[in-house]
Amino acid sequence: MPFTLRGGDVCQPTPPTPIPNPYWVAFSASAAKLINLKLGALGLPKDPDWLELLAGNQLNAGGLTFSSPISTAYSGHQFGSWAGQLGDGRAILLGDMNELELQLKGAGKTHYSRMGDGRAVLRSSIREFLCSEAMHALGIPTSRALSVVGSKQRVIRETVETAAVCSRIAPSFIRVGHFEHFASLQNTVRLKELADLLINKFYPECLNTKDPYLSLFKEISARNAKLVAQWQSVGFCHGVLNSDNISALGLTIDYGPFGFLDHFEIDHICNHSDHGGRYAYHRQPQIMHWNMACLASAMLPLLELERSPEESQALLRSALEEFPVIYAKEWQKIFRSKLGLQLAQDGDIELIEHLLQAMNDSKVDFTTFFRNLSNVRKDSKLTDIAQRDEFIDRDSIDQWFIDYIQRLQTEALSDEARKRIMNQVNPKYILRNHLAQTAIEEAQQDDFSEIERLQLILSKPFDEQVAFEAYAKPPPIDMQRIEVSCSS
Ligand code: AMP
Ligand code: MG
């Protein structure tokens with residue numbers, strides 16, 4: 001294994017715990033390609049060796065042996081408070097393939113399971129699987145999902161459910177919590193090794209700077225700032241932005257009670273265990289910034305290797321201040337493009353904010369509104385614009401459309417060209433909660449066809465898919481409020 005955390009203070013050998021009678025639930029051929037997985041003569045869904053391997057029942061398949069699976073320790077802040085040591089309570093790193101790490105989530109207890117059972121339920125495994133692959137297709141950095149394998153083994157949560165193992169892939173699953181782990185142990189030697197590992201493998205450009213550790217901090221922070229801007233642009237709420245769920249590579253990781261906005265509600269809370277709304281949609285940028293402050297504190301001893309504590313703190317503080325600037329720039333860039341604006345002009349931000357306020361006030365569906373916006377033309381009359389009907393305050397939205405059309409007239413692009421570009425930015429299909437829920441309920445009855453269908457649709461989120469128009473629609477009234485909790 002060329003790249004992994006090593007040492008008993010951060011990882012432990014962890015063989016997966018076998019699970020009875022595993023069966024295929026889902027599989028991503030495109031994720032399999034990433035790791036050059038050999039499908040075998042039967043094709044993967046029929047390959048019993050891979051089924052057993054991805055269930056955690058054996059350690060070899062397709063001529064490969066994963067001889068030293070591990071789980072890792074990390075620490076972190078949960079819901080704003082220091083939680084001490086956490087760790088991979090149910091994730092086991094099998095090893096790596098093609099420079100990517102292959103992890104099983106839900107494959108039994110680990111050294112770090114604490115009170116947990118080390119298992120994941122079918123419901124949350126399907127959600128993680130579908131969402132990872134959907135985010136990838138949206139162009140948003142994320143861990144990938146290779147498979148979900150189910151078992152009829154019972155797992156107790158709020159109700160009794162059945163178990164599943166989701167396998168996931170990333171260049172690395174190192175997170176802010178790993179830095180916090182060594183920092184809390186006051187082990188600067190190990191902290192430095194962790195930072196060096198990341199720099200050498202993923203951030204080599206930092207080596208050419210005056211202060212590689214400060215540069216590393218800035219790079220991780222910038223990636224995560226841009227990541228949140230991308231989330232906001234598709235209405236994605238992560239749900240549990242604890243520092244142990246924040247990737248050191250700026251990937252979306254640890255899908256739990258996430259949700260995509262249906263109607264736009266700026267303070268939407270997708271996780272029903274999040275009573276205070278700490279992780280509400282509009283708070284995500286601020287919370288990610290807060291997590292970067294946790295990272296900065298953890299990395300402080302590295303800067304102090306070269307300079308005084310005061311100087312180190314001042315450097316990190318000013319690096320941290322770059323976060324909102326990078327975020328705002330990225331957010332503006334993306335939202336301009338969602339409106340089809342190529343130039344940056346004064347007044348654009350007010351235009352975007354006016355729209356979002358109106359959408360919030362009238363609870364307008366986020367995805368379909370932006371998708372259909374590309375139908376507005378430079379010579380559209382207000383009466384041509386069907387979308388006005390979705391708003392309660394007609395005067396306000398009419399004024400917005402007047403301003404928008406005027407703004408479009410200052411752009412060189414033709415209506416047709418703008419429409420093409422906007423449709424590459426504003427997805428038609430997202431993983432709405434009710435779609436995932438339907439696929440889950442059918443899978444619980446051993447019908448996996450809806451998962452496959454969703455996978456197919458969501459792998460081309462920007463394409464018109466005539467046969468699947470219904471999947472682009474907002475949820476029917478009885479499926480609008482599906483609640484998702486942390487217990488997964
Ligand atoms: P999460 O909010 O899913 O990121 O989980 C927070 C922490 O709890 C992580 O350290 C997880 O590994 C751990 N955890 C969550 N569920 C379980 C479980 N069923 N068994 C063991 N550990 C768990
Ligand atoms: Mg986690």
Side-chain angles (χ1 to χ4, degrees), residues 5 10-12 14-17 19 56 69-93 101 103-129 131-132 142-143 145 151 153-168 170 172-181 184 224 237-249 251-259 269-275 278-279 284 287-288 291 294-295 484-488:
L5 295 164
V10 74
C11 63
Q12 292 291 326
T14 312
T17 307
I19 201 161
I70 59 162
S71 52
T72 75
Y74 47 79
S75 304
H77 288 81
Q78 298 187 309
F79 287 88
S81 306
W82 175 244
Q85 183 179 308
L86 303 160
D88 295 324
R90 52 177 172 168
I92 296 176
L93 177 61
E101 296 186 346
Q103 229 188 33
L104 298 184
K105 181 170 176 181
K109 282 191 187 163
T110 76
H111 189 74
Y112 309 104
S113 293
R114 298 173 291 150
M115 307 296 286
D117 58 7
R119 290 296 177 195
V121 297
L122 179 64
R123 166 179 53 90
S124 65
S125 303
I126 293 171
R127 282 170 49 84
E128 170 144 14
F129 176 86
C131 199
S132 312
T142 177
S143 59
S151 162
Q153 178 166 310
R154 285 146 60 97
V155 176
I156 297 166
R157 295 291 182 264
E158 283 152 22
T159 59
V160 178
E161 303 191 42
T162 61
V165 180
C166 178
S167 66
R168 51 187 194 178
S172 161
F173 286 93
I174 291 179
R175 38 195 89 217
V176 170
H178 284 114
F179 281 88
E180 291 182 284
H181 183 63
S184 71
N224 279 302
C237 304
H238 182 284
V240 201
L241 287 178
N242 293 335
S243 63
D244 57 300
N245 287 340
I246 309 297
S247 157
L249 301 187
L251 307 173
T252 314
I253 55 168
D254 282 19
Y255 292 90
F258 67 83
I269 304 166
C270 63
N271 172 359
H272 86 187
S273 320
D274 180 11
H275 305 295
R278 180 178 168 85
Y279 300 137
Q284 295 192 116
I287 289 292
M288 186 62 93
N291 283 314
C294 294
L295 177 63
V484 190
S485 79
C486 269
S487 78
S488 57

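Just so you know, residue 1 is the first one in the sequence shown, and it goes up from there. We count ligands from 1, going down the list as the structure has it; atoms in each ligand are counted the same way.
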- [ ] Before giving the answer on side-chain hydrogen bond (donor to acceptor under 3.5 Å, both in side chains), spell out for Asn291 and Ser243 the whole-Å C-alpha distance, their side-chain angles and the decisive distance to 0.1 Å.
- [x] CA-CA 6 Å; Asn291 283 314; Ser243 63; 4.5 Å; no
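- Cation-pi check for Arg127 over Tyr255 is not met; the charged atom does not lie both under 6.0 angstrom from the ring centroid and within 45 degrees of its normal.
- Residues Pro69 and Pro15 share a closest heavy-atom pair of CG-CA, 4.1 Å.
- Near ligand 1, Tyr74, Gln78, Leu86, Gly87, Asp88, Gly89, Arg90, Ser113, Arg114, Gly116, Asp117, Gly118, Arg119, Arg157, Asn245, Asp254 each place a heavy atom less than 4.0 angstrom from the ligand.
- You'll find the ring centres of His178 and Tyr74 inside the 6.0 Å limit.
- Rounding to the nearest 0.5 angstrom, the gap separating the NE2 atom in His77 from the CH2 atom in Trp82 is 6.0 Å.
- Within a 6.0 Å sphere centred on CZ of Arg114, heavy atoms belonging to other residues, nucleotides or ligands number more than 12.
- With Asp274 contributing its side chain and Tyr279 its backbone, the two residues share a donor-acceptor pair below 3.5 Å.
- Side-chain N/O atoms of Gln153 and Thr162 include no donor and acceptor closer than 3.5 Å.
- Side-chain atoms of Thr252 and Thr142 include no donor-acceptor pair closer than 3.5 Å.
- For a distance threshold of 2.8 Å, the protein N, O or S atoms nearer than that to the Mg ion (ligand 2), listed by chain and number, are Asn245 OD1, Asp254 OD2.
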